[in-house]
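All remarks here apply to the structure that follows.
Quick note on labels: first sequence line is chain A, next is B, and so on, each numbered from 1.
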Protein chains: 2
Amino acid sequence: MENYHPDECLVNTALAPIIGKWKVLILLHIDYHTTLRFNELRRAIPDITQRVLTAHLRELEQEHLIERRVFGQGRPKVEYSLSEHGQTLQPILRQLHAWGKAHHAYLAAQQQK
Amino acid sequence: MENYHPDECLVNTALAPIIGKWKVLILLHIDYHTTLRFNELRRAIPDITQRVLTAHLRELEQEHLIERRVFGQGRPKVEYSLSEHGQTLQPILRQLHAWGKAHHAYLAAQQQK
DNA sequence: CAGCATCCTCGCGGATACTG
DNA sequence: CAGTATCCGCGAGGATGCTG
């Protein structure tokens with residue numbers, strides 16, 4: 001692991017795009033299904049408001065982490081998918097997923113003592 | 001990579017302990033110096049208020065990510081360090097660090113087009 | 001279906017002053 | 001040195017209604 005120094009730390013700039021109560025969850029769902037439509041995402045994350053969902057999708061799009069494709073003919077249809085650059089987040093997302101599990105188990109075990 | 005499913009996702013529970021504007025930065029500093037005293041942390045992160053620093057340290061402690069040791073004799077002296085469990089976060093922290101750099105470079109390159 | 005427009009709440013984080 | 005104790009502002013997120 002190369003040297004690192006916390007000053008002028010980029011972790012905050014690294015986290016900024018994925019912080020926000022739902023962003024990582026959105027990314028994971030899109031990743032998991034490869035591509036998702038707007039209302040599919042709403043159903044997948046029932047507790048999110050569409051106002052917030054829209055806002056987060058816009059931000060993720062502006063940071064080039066996801067791509068938004070519109071198929072206009074007939075009924076509106078919009079598909080979201082991870083951008084090429086967004087895919088670089090995959091390993092981190094999955095590590096977080098794994099760590100979350102471990103952390104959860106750890107806290108549960110701690111509780112019983 | 002083992003199978004994962006975003007429902008009942010643990011990423012949020014994984015992120016919860018490390019979200020908060022400064023938490024990751026605090027963890028990185030403690031990690032980098034192995035052990036740090038309260039005012040050393042304040043100096044290391046000048047923009048943080050001690051109210052907020054205290055609050056975050058307490059939360060990180062409650063989640064067993066850091067350890068707080070008091071050396072009471074004479075002048076008060078408190079040392080913070082990563083707990084054993086907190087060390088499991090190291091790889092993720094450093095990956096975030098690396099990804100932050102890459103993302104930063106990516107956005108900069110994007111800007112020039 | 002995929003949003004936009006408003007209005008509102010609430011709690012994180014900040015500022016300042018004080019203490020064992 | 002390592003914190004409490006108050007007070008406060010602001011902005012992310014929520015609720016509801018409407019639209020091309």
Could you give me the CA-CA distance, side-chain angles and deciding distance for A:F38 and A:L53, then say whether side-chain contact (heavy atoms from CB on, under 4.5 Å) is met?
CA-CA 9 Å; A:F38 186 79; A:L53 178 55; 3.9 Å; yes
On DNA chain D, nearest-nucleotide positions of A:P76 versus A:T49: which is more 5'?
A:T49
Considering only heavy side-chain atoms of B:H56, the closest of C:dG13, C:dT16, C:dC1 is C:dG13
Rounded to the nearest angstrom, tell me the gap between atom CD in B:E59 and atom P in C:dC12.
8 Å
Heavy-atom closest contact (B:E59 atom, B:K23 atom, distance)
OE1-NZ, 2.6 Å
Return the value, rounded to whole Å, for the distance between atom CG of B:D47 and atom P of C:dC12.
21 Å
Mind calculating the distance between CD (A:E79) and P (C:dA2) to the nearest angstrom?
9 Å
Bounds of contact between DNA chain D and chain A, in 5' to 3' order, using a heavy-atom cut-off under 4.0 Å:
D:dG13 to D:dG20
Which pair of heavy atoms, one from B:G100 and one from A:A14, lies closest together, and at what distance?
CA-CB, 3.3 Å
Using whole Å, report how far CD1 of A:I48 lies from C1' of C:dG3.
14 Å
Applying side-chain hydrogen bond (donor to acceptor under 3.5 Å, both in side chains), run through B:S81 and B:R69 and close with a yes or a no.
CA-CA 8 Å; B:S81 57; B:R69 249 163 306 192; 2.9 Å; yes
For residues A:I19 and B:W99: do they belong to one hydrophobic cluster (side chain heavy atoms under 4.5 Å, members Ile, Leu, Val, Met, Phe, Trp, Tyr)?
yes
Rounded to whole Å, the CZ-P distance (A:R75 to C:dA2) equals 11 Å
Could you state the atom-to-atom distance from NZ of A:K77 to C1' of C:dG3 in whole Å?
17 Å
Start with the C-alpha gap between A:L82 and A:L89, add the side-chain angles, then the distance that decides, and say whether side-chain contact (heavy atoms from CB on, under 4.5 Å) holds.
CA-CA 9 Å; A:L82 285 190; A:L89 261 178; over 6 Å; no
When the distance from CZ of A:R42 to P of C:dC1 is rounded to whole Å, what number comes out?
10 Å
So A:Y80, base contact, sugar-phosphate only, or nothing? Heavy-atom distance under 4.0 Å.
sugar-phosphate
Starting from the 5' end of DNA chain C, give me the residue, A:R37 or B:V52, whose nearest nucleotide shows up first.
A:R37
Upstream residue (5' side of DNA chain D) when A:Q50 and A:K21 are each assigned their closest nucleotide
A:K21
Tell me which nucleotide among C:dG14, C:dT6, C:dA2 gets nearest to the side chain of A:R51.
C:dT6
Minimum heavy-atom separation for A:H29 and A:L36, please, with both atom names.
O-CD1, 3.6 Å
Nearest-Å distance, CG (B:L57) to C1' (C:dG13)?
15 Å
